[in-house]
Every structure is written in structure tokens, then in C-alpha cells.
Participant: 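Here it is, the structure in full.
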Amino acid sequence: NNYLSNFSFEWKIHSKTQFEEFNAKVPSSETFFLRTKKQPNFFQNKKILDAGVGSGRFSAVPLKYGAKVWGVDLSEAYLVAAKNFKHQKNYQSLQADISAMPFADEQFDYIFSFGVIHHSPDPKACLKEMFRVLKPGGEICVTVYPSYGMYFTSKFIRKITTKIPQKLLYLITTMYVCLFYVPYKYFFLKHSFIGKLIPISLSNSFKEAILDTYDCYSPKYQHTFHSYEMYEILSEIGFTNITPRPHPITMAAKKPFKN
């Protein structure tokens with residue numbers, strides 16, 4: 001699928017960049033538990049869906065604590081995740097559209113989707129589909145880009161960058177990060193006009209900064225949200241107990257039991 005080919009490209013290059021065992025500067029487990037507010041024992045024997053698995057960095061966490069995890073991705077990232085978890089008997093990787101997944105109704109105990117549905121042409125349809133495959137009483141945790149900061153202010157330059165061939169754009173964004181990472185991070189260039197117009201990732205991991213900056217400028221679709229917008233969408237779909245979580249914009253919600 002052409003609108004997702006940038007993700008297939010980036011995850012083949014950065015298949016291990018965000019795994020803690022290969023990059024100690026990326027706190028994937030800490031981020032996962034901060035967003036979900038779950039204890040490790042919650043995941044024991046649970047059926048978990050990672051909606052938009054990417055390389056599998058977040059799937060690794062519930063797998064570690066005894067969950068059975070299905071990772072879904074429409075891009076070829078599902079192959080990267082499958083390779084990363086080839087020795088994990090409790091992991092399955094599937095290529096599928098999150099807005100039309102090949103699962104029966106009410107299959108999963110818990111669903112998480114971190115930094116994914118804002119790249120869909122229809123984020124609401126993705127949330128509706130998660131509601132369908134979630135068991136009554138089950139929970140979701142979803143992170144989307146906020147309507148401020150890097151992913152919002154970059155929208156002007158993205159009108160140009162999304163038209164640049166992938167390999168050339170990756171070269172450009174990598175060179176830009178190499179040149180400006182230190183001035184942006186340590187000399188406050190990020191607060192200047194150029195810093196607002198052309199933001200870059202300032203991750204503590206330089207490798208992740210390269211990945212995230214390319215990830216900012218390459219996708220065809222990049223919706224941003226306010227918390228109240230996500231609350232309204234989730235509520236309209238039928239979710240209850242909707243709660244904002246750290247790392248904006250992250251929302252947790254439950255599917256109510258049937259009357």
C-alpha cells in the first residue's frame with residue numbers, strides 16, 4: 001500500500017532501534033506502563049492486541065509477562081515484528097488494516113495502539129474496529145499526536161516533504177538531525193522560528209531521533225487531536241471510563257458489559 005510504504009521502509013532500517021535490550025536510551029517498558037497504568041501481572045494469560053505493531057517494541061512488554069499477543073500492521077512492518085519475535089510462541093503477526101481486522105467480535109482482553117491511528121485516513125474507523133474486537137469489560141489504551149508541538153507545527157513543511165522520494169527524504173532528515181541535534185537540544189534552537197518551522201526529535205537516543213524525525217515528515221496522513229476530541233470520539237463509539245493518561249494525547253477506556 002503506497003501510503004504506508006514509508007513505514008515499511010523505516011522499520012526495515014530501524015528494526016531494533018527502539019528495543020531496550022539493544023538501545024538502553026529508549027525506555028519502552030517505562031513508557032508502556034506509564035501509559036497503561038497496569039501492573040505486570042495483569043497481562044498473565046491475557047489476549048492482547050497491538051494495533052499497529054511496527055517493529056514490536058511495545059509488544060515485547062506484555063509478552064515478557066505471560067500474555068498472548070497479536071501484532072497487526074498494514075505495512076510490511078508486520079514482517080519485521082515477526083522476525084523480532086520468531087522465537088516467541090505467544091506472538092502472532094498479521095498484515096491487516098486496523099479499520100477492518102480479520103478477527104471475530106469480542107476476541108481481546110486488552111488493546112493498545114501507540115502512535116498509529118493518526119496515520120490512518122480514518123482514525124475513528126480504527127477505534128470502532130477496536131471496540132468491535134474487544135471483549136465486554138476489556139480495555140484499550142490509545143496514543144495519538146497532539147494538536148501542538150512537533151507533529152502539529154511540522155504540518156507546513158510536510159506539504160513539501162511528503163512529496164519527496166523516501167530514500168532521499170531519509171537522507172535529508174538524517175543529515176538535518178546530524179547537523180542540528182545538538183543546537184536544538186542544548187542551545188535552545190528548538191525555540192527559534194526555524195526550530196518551530198522544522199522541528200526534529202530530541203530523543204535521548206540519537207538513533208531514535210533520526211527515526212522519529214523521518215517518521216514525522218514522511219507519512220501521507222498525520223492527524224492531530226485535542227484530548228477533548230478523543231474523549232468525544234471514544235464516547236460516541238460506546239467506550240466508558242474514558243481517562244487521560246500521560247504522554248499526550250493518551251486515552252484509556254473500557255468497553256461496557258452488555259445489559
Side-chain angles (χ1 to χ4, degrees), residues 1 3-4 7 31-38 42 46-54 58 62 70-75 96-156 158-159 162 196 199 212 215-216 219-259:
N1 190 312
Y3 89 84
L4 290 171
F7 295 108
T31 299
F32 182 88
F33 288 119
L34 187 64
R35 290 176 179 174
T36 63
K37 203 178 179 180
K38 296 297 183 187
F42 168 83
K46 292 287 198 307
K47 292 180 67 176
I48 310 295
L49 174 64
D50 183 347
V53 65
F58 290 117
W70 282 256
V72 170
D73 207 296
L74 186 55
S75 79
D97 189 335
I98 299 172
S99 65
M101 292 185 282
F103 302 116
D105 295 350
E106 302 177 355
Q107 290 294 300
F108 296 99
D109 299 298
Y110 193 87
I111 298 173
F112 65 89
S113 182
F114 296 158
V116 177
I117 65 170
H118 44 235
H119 294 310
S120 166
D122 191 348
K124 186 175 180 180
C126 297
L127 291 168
K128 285 182 176 179
E129 185 69 347
M130 291 183 212
F131 186 87
R132 182 186 69 81
V133 301
L134 185 65
K135 293 178 181 179
E139 300 175 60
I140 68 165
C141 187
V142 179
T143 298
V144 293
Y145 290 156
S147 290
Y148 56 86
M150 173 181 178
Y151 295 102
F152 182 73
T153 61
S154 62
K155 64 183 180 180
F156 303 105
R158 277 177 37 79
K159 293 178 181 179
T162 52
K196 298 293 186 183
D212 285 350
D215 188 86
C216 174
K220 180 177 180 179
Y221 300 105
Q222 191 146 287
H223 306 280
T224 59
F225 298 86
H226 292 287
S227 293
Y228 72 86
E229 291 175 311
M230 283 297 293
Y231 184 96
E232 290 174 353
I233 292 169
L234 290 165
S235 181
E236 182 181 328
I237 290 170
F239 286 102
T240 59
N241 299 87
I242 303 166
T243 308
R245 300 292 307 136
H247 285 205
I249 302 296
T250 299
M251 305 295 282
K254 289 186 177 182
K255 181 175 181 176
F257 288 100
K258 296 176 181 178
N259 293 327

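Along the sequence shown, residues are numbered consecutively beginning with 1.
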Participant: Looking at every heavy atom in both Ile48 and Phe108, which two are closest together, and how far apart are they?
Facilitator: C-CD2, 3.8 Å

Participant: For the pair Lys255 (side chain) and Leu134 (backbone), establish whether a donor and an acceptor sit closer than 3.5 Å, ignoring hydrogens and angles.
Facilitator: yes

Participant: With no hydrogens and no angle check, is any side-chain donor or acceptor of Thr153 less than 3.5 Å from a backbone partner on Lys196?
Facilitator: yes

Participant: Kindly indicate whether the side chain of Leu234, heavy atoms from C-beta on, has any atom under 4.5 Å from the side chain of Val142.
Facilitator: no

Participant: Backbone N or O of Phe103 within a donor-acceptor pair of the Arg132 side chain at under 3.5 Å?
Facilitator: yes

Participant: Could you grab the distance from atom CG of Leu34 to atom OG1 of Thr250, nearest 0.5 Å is fine?
Facilitator: 8.5 Å

Participant: May I ask you to test the Lys37-Pro246 pair for a side-chain heavy-atom distance under 4.5 Å?
Facilitator: no

Participant: Which pair of non-hydrogen atoms, one from Ala51 and one from Met130, has the smallest distance, and what is that distance?
Facilitator: CB-CE, 4.0 Å

Participant: Are the side chains of Phe42 and Pro62 in touch, meaning some heavy atoms are under 4.5 Å apart?
Facilitator: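 They are not in side-chain contact.
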
Participant: Please, which pairs that meet salt bridge (Lys or Arg N to Asp or Glu O under 4.0 Å) have at least one residue in residues 107-117, sequence neighbours excluded?
Facilitator: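 Output for this query lists Asp109-Lys135.
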
Participant: Any side-chain heavy atom of Ile98 sitting closer than 4.5 Å to one from Leu74?
Facilitator: no

Participant: Do Cys216 and Gln222 come close enough that some side-chain heavy atom pair is under 4.5 Å?
Facilitator: yes

Participant: Enter the distance from Glu129:CD to Ile237:CD1 here, rounded to the nearest 0.5 Å.
Facilitator: 11.0 Å

Participant: Provide the full list of salt bridge (Lys or Arg N to Asp or Glu O under 4.0 Å) pairs with a residue in residues 222-235, sequence neighbours left out, each pair given once.
Facilitator: none

Participant: Is Arg35 positioned over the aromatic face of Phe112, cation under 6.0 angstrom from the ring centre and no more than 45 degrees off axis?
Facilitator: no

Participant: Quick one: are Phe58 and Val53 in side-chain contact, heavy atoms under 4.5 Å?
Facilitator: no

Participant: Would you call the rings of His223 and Phe225 parallel, tilted or perpendicular, where under 30° means parallel and over 60° means perpendicular?
Facilitator: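 Tilted, since the angle between the ring planes falls between 30° and 60°.
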
Participant: For Thr31, give me all partners under side-chain hydrogen bond (donor to acceptor under 3.5 Å, both in side chains), at least two apart in sequence or on another chain.
Facilitator: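 In terms of side-chain hydrogen bond (donor to acceptor under 3.5 Å, both in side chains), with neighbours along the sequence ignored, Thr31 is linked to no residue.
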
Participant: Which atoms form the tightest heavy-atom contact between His247 and Thr143, and what is the distance?
Facilitator: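 Nearest heavy atoms, His247 then Thr143: O-CG2, 4.0 Å.
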
Participant: Keeping Glu139 on the side-chain end and Ala252 on the backbone end, is there a donor-acceptor pair under 3.5 Å?
Facilitator: no

Participant: Among all residues two or more places apart in sequence or in another chain, which pass the side-chain hydrogen bond (donor to acceptor under 3.5 Å, both in side chains) test with Lys258?
Facilitator: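 Expected list: Glu106.
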
Participant: If we only count heavy atoms from C-beta on, is the Ile242 to Ser235 side-chain gap below 4.5 Å?
Facilitator: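 Heavy-atom side-chain distance check passes, below 4.5 Å.
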
Participant: Identify the heavy atoms of Asp73 and Gly52 that sit nearest to each other, and give their distance.
Facilitator: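 Asp73 and Gly52 have their closest heavy atoms at OD2-C, 3.6 Å.
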
Participant: Can you find a heavy atom in the side chain of Leu49 that is under 4.5 Å from one in the side chain of Met101?
Facilitator: yes

Participant: Name all pairs fulfilling the ring pair (Phe, Tyr, Trp, His ring centres under 6.0 Å) condition that reach into residues 121-151, sequence neighbours left out, sorted by first residue then second.
Facilitator: His118-Tyr145, His119-Tyr145, Phe131-Phe239, Tyr145-Tyr151

Participant: Please give me the minimum heavy-atom distance between Pro256 and Gly238, naming the atom from each residue.
Facilitator: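 Smallest interatomic distance, heavy atoms only, reads CD-O, 3.3 Å.
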
Participant: Quick check: closest heavy atoms across Lys47 and Trp70, and the distance to 0.1 Å?
Facilitator: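 Smallest interatomic distance, heavy atoms only, reads CE-CH2, 3.8 Å.
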
Participant: If a pair satisfies salt bridge (Lys or Arg N to Asp or Glu O under 4.0 Å) and one of its residues is in residues 119-128, list it, with sequence neighbours excluded.
Facilitator: Lys124-Glu236

